[in-house]
J.: 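Structure incoming, see below.
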Amino acid sequence: MKNLGILLSGRGSNFVAIADSVDAGRIPNAQISIVISNRADAPGIETAKERGLKTLVIPSKGKPREAHDQEVVAALQDHKVDLVCLAGYMRLLSPWFVQQFPQRILNIHPSLLPSFPGLEAQEQAFAYGVKVSGCTVHFVDEELDHGAIIVQKTVPVLDSDDEHTLAARILEQEHIAYTEAIKILLEGKYEVAGRRLVGLQKSEVRMQK
Ligand code: GRF
């Protein structure tokens, strides 16, 4: 059984999608062992409690990044987390944090990276006038919205769209993409060559073990 640790700061719809996938067996042999928020008022943390999951609020306000990260990493280790899933976690992780979970931290971003990193990616894409956008699940490395890509989903930008309808259509794909990415990671049938995550054949997986 693999343990997932969820970090969030807000609404938590990606967390709910992951939790639903775990409950429905779409992510086999996995459980959510802890849900952590840096904000006490994050709606996602309430949802996690209602679902009977273990939750922790570790406030970040006024704390140096490293000190906060140390608390969060300690909590993840206490709960024996194998894979850390950032789900709307509005904090940059320190390089030290990233090094504690090498290729074991995922993030979801609402654009086709490397286009439109940073905040309000859907609005950025809409304002730029792109005809296709989407979402990206990627490894977290020391740079913002930067690590190797695990899954991307495309979404057309319609003439009738505004930022909100586009964001809503991207969000539907986010929920599907995150489950797919977690499954790929937990199954382990991949290798990362430079920035490219590529699937392995069954025989190659055996050879690696
Ligand atoms: C999502 O758009 C995600 O891509 C971004 O933050 C938002 C979080 O939404 N990183 P939710 O809290 O999962 O509903």
Side-chain angles (χ1 to χ4, degrees), residues 4-24 26-27 32 34-51 53 55-60 72 83-93 97-98 101 104-128 130 132-157 161-182 184-185:
L4 307 179
I6 309 279
L7 301 188
L8 55 78
S9 305
R11 176 177 62 178
S13 74
N14 277 287
F15 147 64
V16 168
I18 295 166
D20 284 347
S21 287
V22 168
D23 290 352
R26 288 190 295 271
I27 304 176
I32 295 174
I34 186 72
V35 181
I36 300 173
S37 173
N38 64 313
R39 298 182 54 123
D41 60 355
I45 210 80
E46 278 313 309
T47 314
K49 275 187 207 158
E50 284 160 17
R51 294 182 77 115
L53 293 168
T55 63
L56 269 178
V57 174
I58 305 180
S60 53
V72 174
L83 189 64
V84 181
C85 301
L86 308 190
Y89 186 60
M90 304 303 283
R91 302 268 304 162
L92 264 179
L93 305 191
F97 189 145
V98 174
F101 293 92
R104 281 287 174 272
I105 310 175
L106 308 188
N107 182 43
I108 186 150
H109 184 74
S111 75
L112 294 174
L113 289 172
S115 292
F116 313 118
L119 291 175
E120 295 177 353
Q122 308 95 325
E123 288 81 351
Q124 290 184 54
F126 184 80
Y128 197 92
V130 296
V132 178
S133 191
C135 62
T136 305
V137 184
H138 62 93
F139 284 121
V140 173
D141 66 8
E142 281 82 357
E143 289 177 53
L144 177 68
D145 299 330
H146 180 266
I149 291 170
I150 302 160
V151 171
Q152 286 188 310
K153 299 277 177 200
T154 58
V155 168
V157 182
D161 268 333
D162 59 26
E163 300 93 320
H164 306 291
T165 56
L166 176 61
R169 204 163 337 98
I170 292 173
L171 191 63
E172 283 175 22
Q173 295 302 311
E174 292 184 38
H175 296 160
I176 297 166
Y178 222 146
T179 290
E180 276 183 28
I182 293 170
I184 290 170
L185 263 277

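Ligands are counted one by one from 1 in listed order, and the atoms in each one are counted from 1 as well.
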J.: Under 3.5 Å, is there a donor-acceptor pair between the side chain of S37 and the main chain of L8?
T.: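 Side chain of S37 to backbone of L8: a pair is present.
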
J.: Which pair of non-hydrogen atoms, one from V16 and one from R51, has the smallest distance, and what is that distance?
T.: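 For V16 versus R51, the nearest heavy atoms are CG1-NH1, 3.8 Å.
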
J.: Give a yes or no answer on whether the side chain of Q122 reaches the backbone of A168 with a donor-acceptor pair at less than 3.5 Å.
T.: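 Flag not set: sc Q122 to bb A168 has no pair under 3.5 Å.
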
J.: For A167, is there any backbone N or O sitting under 3.5 Å from a side-chain donor or acceptor partner on E123?
T.: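 No: the side chain of E123 does not pair with the backbone of A167.
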
J.: Show your reasoning for whether salt bridge (charged side-chain N to carboxylate O under 4.0 Å, His left out) applies to E172 and R169.
T.: CA-CA 5 Å; E172 283 175 22; R169 204 163 337 98; over 6 Å; no

J.: Are any of the N or O atoms of F15 closer than 3.5 Å to those of ligand 1?
T.: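 It does not: no N or O of F15 is found under 3.5 Å from an N or O of ligand 1.
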
J.: Taking distance alone, with N or O pairs closer than 3.5 Å, would you say G12 contacts ligand 1?
T.: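 Indeed, backbone or side chain, G12 has an N or O that close.
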
J.: Under 4.0 angstrom from ligand 1, any heavy atom of L8?
T.: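 No, L8 has no heavy atom closer than 4.0 Å to ligand 1.
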
J.: For atom 10 (N) of ligand 1, what is the closest protein heavy atom, and at what distance to 0.1 Å?
T.: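 So the nearest neighbour among protein heavy atoms is I108 O, 2.9 Å.
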
J.: R11 heavy atoms, cut-off 4.0 Å: which ligand 1 atoms fall inside?
T.: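 By the 4.0 Å cutoff, the relevant atoms are 9 (O), 11 (P), 12 (O), 14 (O).
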
J.: Counting heavy atoms only, which of S13, A177, A42, G88 is nearest atom 11 (P) of ligand 1?
T.: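 The residue whose heavy atom sits nearest atom 11 (P) of ligand 1 is S13.
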
J.: Side chain to side chain contact (heavy atoms under 4.5 Å, CB included) with I36: which of T55, L56, V84?
T.: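 That would be L56; it is the only one of T55, L56, V84 passing the side chain to side chain contact (heavy atoms under 4.5 Å, CB included) with I36.
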
J.: Checking a contact table here: which protein heavy atom is nearest atom 4 (O) of ligand 1, and how many Å away?
T.: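 Checking every protein heavy atom, the shortest distance to atom 4 (O) of ligand 1 gives E174 OE1, 2.7 Å.
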
